[in-house]
Asker: 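Please find one structure pasted underneath; my questions will follow.
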Amino acid sequence: MNSSHLKTNKSSGNQNLIAFALILVFTMLVQLLRGFDSLDEMWIYDRCRAIVDGMVPYRDFPMVQMPLFFYVLSIPVFFSRTFFSFRIGLGLITALLYFSTYRMLEKKSNFYSALPVALVFTIFNPLTTYNTFLVLFVTYVYRINLKLFENEKCLRLLLIASGIFSACTVLARQTTGTLFMLTEFIFLCVALRKKSSISKVLFFILGLLIPFVPFLIFLLATSSFTGFWDNCLFGLISFGSGNSAFYMDSIAYLVVVALGIVSDILLYRKAKDINILMHIIFGLLIVTVSFPIFDSMHIYMAAFWFAVPLVQLFYAKFNEMISKTTSILIIGIISVAICIFAIKPLPGLSFTDKHSELKLVPLDTDIIDFYDELHAKKAQYESKGYNVVVLTSNRVILSIVEGEVRFPEDLFLVGNFGTKTPADYVNEYIETPNTIIAIPSDYNEENWQNPKDIYEIIKNRCELIEASDGYEYYIART
């Protein structure tokens, strides 16, 4: 074997190791030093706690999302039931995505151009969600497609791997994942037909079955099959029709998406490479994760994807003008910027030992003190034999403080109930003897996703017995 080839492979391997180490360290730094202020993050953690407690999605609690992301993240929570360990899981998923994207960039440029871009992503990542998980699998499928016909001996294995990861996109997010899986199937049929190997698409289908069959068995074995369809199909339709919104903070990311699409088109016109066309199509599918809520957290994933062709164009034009030393300096500057960005939220935050699940998490202790007081008030009523139901979009914070899981109250928002309506739940609470309902006095303004008419139903059917610290306490009229 050629010794220069061995040296090149060794050098590339060392660079990849350095890249992954830096991406992992800075991703974890940003992830672990976040403030305790994102309800979306808390809701994800809450469902992981429920799974660790032995609860089954769709059967024991409503969930309109697919389960793979939550089951994977429940692994660190199983070993350590803390928000900190949960964030380590989030950080690892995010680092894998950034490293996979670095590999895509590095193939089109080099180590010194790809790494700074991958590191910059850590600053702008708003929150790791099931959408992040989906895009991670999309990058894997895309990279597999680039290698499909490089080695005919590996074609079958690559097709199986493509099927596995395509199925995982569906198990991460049913809407975009299904569109992506069908798109990949069509792409493979076209590509294999040109190679007179159309029958080999069966290996892709075999790959799909490897995750799908166990998932079907899981649904049947846990008696959650009906609940799954109720939540993830019919409930999803309700969510999409009731929760449409557009936020101005998405505009900057939409600009990046538009520039990326233009860049991809320019690259395709020049090279006529089907892989570039595939990149455009996959990117447009990723845009659909923003439906029905266009905000920075959702559209970021598409901007992230379309940053790749922008870097390619930049590299093609300016590569010879930027020395290796300059690139290393840029990496150093970005590293310092990430550290500053990571520690920026810390002033004004502190750590607490009062609640085991919140150890090592930077937080505003005033918020925790408020929910400690709410818990104390709730406990007073419970000591008198009452069951207390707290209806607020922030209910998950109280659950974490109490160390328990309460569904559906922990996520009592429009579009998270399947076909059962929020009013159905509230009427059940009212009709349950010795039940007190605690609700914020500003419930209708507290969160735009709070179900409508709930406050009015409670006021009409119940009697106010106390108002304290912004909460009103009601019991059914006799």
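Side chains are part of it too, since the values below use all heavy atoms of this structure and drop only hydrogens, waters and symmetry mates.
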Asker: Nearest 0.5 angstrom please: Phe121 CZ to Leu97 CG, how far?
Answerer: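 The distance works out to 8.5 Å.
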Asker: Give, for atom CG of Asn394 and atom CG of Leu39, the distance between the pair rounded to the nearest 0.5 Å.
Answerer: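 So the gap between those two atoms works out to 5.0 Å.
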Asker: For the side chain of Ser100 and the backbone of Leu96, is there at least one donor-acceptor N/O pair under 3.5 Å apart?
Answerer: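 No; zero donor-acceptor contacts below 3.5 Å.
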Asker: Are Tyr98 and Phe26 an aromatic pair, judged by ring center distance below 6.0 Å?
Answerer: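 Ring centres of Tyr98 and Phe26 not closer than 6.0 Å.
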Asker: Looking at Val287 and Ala302, what are the two nearest heavy atoms and their distance?
Answerer: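 Between these two residues, the closest heavy atoms are CG2-CB, 3.7 Å.
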Asker: Whether the Thr94 and Thr128 side chains hold a donor-acceptor pair (N or O, under 3.5 Å, no angle test) is what I'd like checked.
Answerer: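 Note: Thr94 and Thr128 side chains meet the donor-acceptor criterion.
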Asker: Could you measure the distance from the CE atom of Met181 to the CZ atom of Phe137? Nearest 0.5 Å is fine.
Answerer: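 Going from CE on Met181 over to CZ on Phe137, the span is 14.5 Å.
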Asker: Heavy-atom distance under 4.5 Å between the side chains of Phe69 and Ile44, does that happen here?
Answerer: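 Answer yes - side chains close enough.
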Asker: Could you tell me if the ring centre of Tyr71 sits under 6.0 Å from that of Phe218?
Answerer: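 Distance test on ring centres: under 6.0 Å, yes.
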Asker: Mark yes or no for whether Ser197, through its side chain, and Lys200, through its backbone, hold a donor-acceptor pair below 3.5 Å.
Answerer: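 Answer holds: no.
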Asker: Is there side-chain contact between Leu68 and Val72, with heavy atoms separated by less than 4.5 Å?
Answerer: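 Side chain of Leu68 against side chain of Val72, heavy atoms only: contact under 4.5 Å found.
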Asker: Assess the pair Phe124 and Tyr300: is the distance between their ring centroids shorter than 6.0 Å?
Answerer: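 When the ring centroids of Phe124 and Tyr300 are compared, they turn out to be at least 6.0 Å apart.
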Asker: Assess the residue pair Glu409 and Leu398 against the criterion (side chain to side chain contact (heavy atoms under 4.5 Å, CB included)); give the C-alpha distance rounded to whole Å, side-chain angles, the decisive distance to 0.1 Å, and a yes or no.
Answerer: CA-CA 11 Å; Glu409 299 101 290; Leu398 179 62; over 6 Å; no
Asker: To the nearest 0.5 Å, what is the distance between CG on Leu254 and CE on Met248?
Answerer: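 Going from CG on Leu254 over to CE on Met248, the span is 10.0 Å.
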Asker: Apply the test side chain to side chain contact (heavy atoms under 4.5 Å, CB included) to residues Thr129 and Met301: give CA-CA distance (whole Å), side-chain angles for both, the deciding distance (0.1 Å), then the verdict.
Answerer: CA-CA 10 Å; Thr129 67; Met301 299 314 305; over 6 Å; no
Asker: Write down the atom of Pro211, the atom of Ala167, and the distance for their closest heavy-atom approach.
Answerer: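 Heavy-atom minimum between the residues: CG-CB, 3.6 Å.
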Asker: For the residue pair Phe165 and Tyr140, categorise the inter-ring angle as parallel (less than 30°), tilted (30 to 60°) or perpendicular (more than 60°).
Answerer: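 Answer is tilted, since the angle falls between 30° and 60°.
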Asker: Please determine if Glu357 and Arg49 form a salt bridge, counting it only when a charged side-chain N lies under 4.0 Å from a carboxylate O.
Answerer: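 Salt bridge flag = yes for Arg49 with Glu357.
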Asker: Locate the shortest heavy-atom distance separating Pro309 from Asp264; write the atom from each residue and the value.
Answerer: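 Looking at all heavy atoms of both residues, the shortest contact is CB-OD1, 3.3 Å.
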Asker: Within this structure, what is the CG-CE distance for the pair Leu90 and Met28, rounded to the nearest 0.5 Å?
Answerer: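 The CE atom of Met28 is 9.0 Å from CG of Leu90, to the nearest 0.5 Å.
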Asker: Are Tyr425 and Leu391 close enough, and set up right, to give a side chain to side chain contact (heavy atoms under 4.5 Å, CB included), and what steps lead you there?
Answerer: CA-CA 11 Å; Tyr425 284 107; Leu391 297 181; over 6 Å; no
Asker: Hey, what's the ring geometry for Tyr130 with Phe70, parallel, tilted or perpendicular (30° and 60° as the breaks)?
Answerer: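 Tilted, since the angle between the ring planes falls between 30° and 60°.
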Asker: State, to 0.1 Å, how close Gly89 and Pro76 come at their nearest heavy-atom pair, and which atoms those are.
Answerer: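 Of all heavy-atom pairs spanning Gly89 and Pro76, the closest is CA-CG, 4.2 Å.
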Asker: For a ring-ring contact (aromatic ring centres under 6.0 Å, His included) with Phe180, tell me which candidate from Trp305, Phe282, Phe187 qualifies.
Answerer: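 The option that passes is Phe282.
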Asker: Just by distance, do the side chain of Asp230 and the backbone of Thr226 share a donor-acceptor pair under 3.5 Å?
Answerer: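 Such a contact is absent between Asp230 side chain and Thr226 backbone.
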Asker: Pairing donors with acceptors under 3.5 angstrom, does anything connect the side chains of Thr176 and Thr288?
Answerer: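 On atom types as modelled, these side chains qualify, holding a pair under 3.5 Å.
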Asker: Quickly, which of Trp43, Phe407, Phe412, Phe417 forms a ring-ring contact (aromatic ring centres under 6.0 Å, His included) with Phe61? Name it, please.
Answerer: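 Among Trp43, Phe407, Phe412, Phe417, the one that satisfies the ring-ring contact (aromatic ring centres under 6.0 Å, His included) with Phe61 is Phe407.
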Asker: Take the angle between the ring planes of Phe99 and Phe20 and call it parallel below 30°, perpendicular above 60°, tilted in between.
Answerer: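 Perpendicular.
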Asker: Does the side chain of Leu105 reach to within under 4.5 Å of the side chain of Ser113, using non-hydrogen atoms?
Answerer: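 The answer is no; the side chains never approach within 4.5 Å.
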Asker: State whether Tyr315 and Lys108 meet the cation-pi test: NZ (Lys) or CZ (Arg) under 6.0 Å from the six-membered ring centroid, and within 45° of the perpendicular axis.
Answerer: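 Not satisfied by the 6.0 Å and 45° rule.
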Asker: So, for Phe86 and Phe83, is the gap between ring centers shorter than 6.0 Å?
Answerer: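 Under 6.0 Å, so yes.
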Asker: Check whether any side-chain N or O of Thr82 sits under 3.5 Å from a backbone N or O of Ser85 as a donor-acceptor pair, and report yes or no.
Answerer: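 Pair found, side chain donor or acceptor close to backbone of Ser85.
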Asker: Side chains of Ser393 and Gln449 only: does a donor on one sit below 3.5 Å from an acceptor on the other?
Answerer: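 Not at all, the side chains of Ser393 and Gln449 share no donor-acceptor pair under 3.5 Å.
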Asker: Taking side chain as C-beta onward, heavy atoms only, is Leu136 less than 4.5 Å from Thr139?
Answerer: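 Leu136 reaches Thr139 side chain to side chain.
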Asker: If you measure from CD1 on Ile328 to CD1 on Ile333, what distance do you get to the nearest 0.5 Å?
Answerer: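 So the gap between those two atoms works out to 12.5 Å.
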Asker: Hey, is the main chain of Asp424 close enough, under 3.5 Å, to the side chain of Thr421 for a donor-acceptor pair?
Answerer: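 Yes, because the side chain of Thr421 sits within donor-acceptor range (under 3.5 Å) of the backbone of Asp424.
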Asker: Does Ala19 offer a backbone N or O that forms a donor-acceptor pair with the side chain of Tyr102 under 3.5 Å?
Answerer: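 Pair absent, no side-chain N/O of Tyr102 close to backbone of Ala19.
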Asker: Measuring only between side-chain heavy atoms, which start at C-beta, is Asp364 closer than 4.5 Å to Leu349?
Answerer: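 A side-chain contact under 4.5 Å exists here.
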Asker: Say whether Gln15 and Asn110, considering side chains only, have a donor N or O and an acceptor N or O under 3.5 Å apart.
Answerer: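 Their side chains do not contain a donor-acceptor pair, so the 3.5 Å distance test is not met.
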Asker: Report the C-alpha distance between Leu119 and Ile338 in whole Å, list the side-chain angles of each, state the deciding distance to 0.1 Å, and finish with yes or no for side chain to side chain contact (heavy atoms under 4.5 Å, CB included).
Answerer: CA-CA 8 Å; Leu119 292 178; Ile338 293 171; 4.0 Å; yes
Asker: If only atom types and distance count, is the side chain of Arg406 paired as donor or acceptor with the main-chain N or O of Arg395 below 3.5 Å?
Answerer: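 Pair absent, no side-chain N/O of Arg406 close to backbone of Arg395.
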Asker: Does anything in residues 52-62 form a salt bridge (charged side-chain N to carboxylate O under 4.0 Å, His left out)? List the pairs, not counting sequence neighbours.
Answerer: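 For residues 52-62, and leaving out neighbouring residues, the salt bridge (charged side-chain N to carboxylate O under 4.0 Å, His left out) pairs sorted by first residue read Asp53-Arg81.
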Asker: Tell me the side-chain hydrogen bond (donor to acceptor under 3.5 Å, both in side chains) pairs involving residues 325-339, sequence neighbours left out?
Answerer: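 Residue pairs with at least one partner in residues 325-339: Ser323-Thr326.
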Asker: Taking the ring centre of each residue, are Tyr58 and Phe225 less than 6.0 Å apart?
Answerer: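 That pair fails the under 6.0 Å test.
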Asker: Determine yes or no for a side-chain-to-main-chain donor-acceptor pair under 3.5 angstrom, with Asp249 supplying the side chain and Asp295 the backbone.
Answerer: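 Looks like no, no N/O pair under 3.5 Å.
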Asker: For ring-ring contact (aromatic ring centres under 6.0 Å, His included), just list the numbers for Phe36 and Tyr45, CA-CA rounded to whole Å, side-chain angles, deciding distance to a tenth of an Å, and then say yes or no.
Answerer: CA-CA 12 Å; Phe36 184 70; Tyr45 173 63; 8.5 Å; no
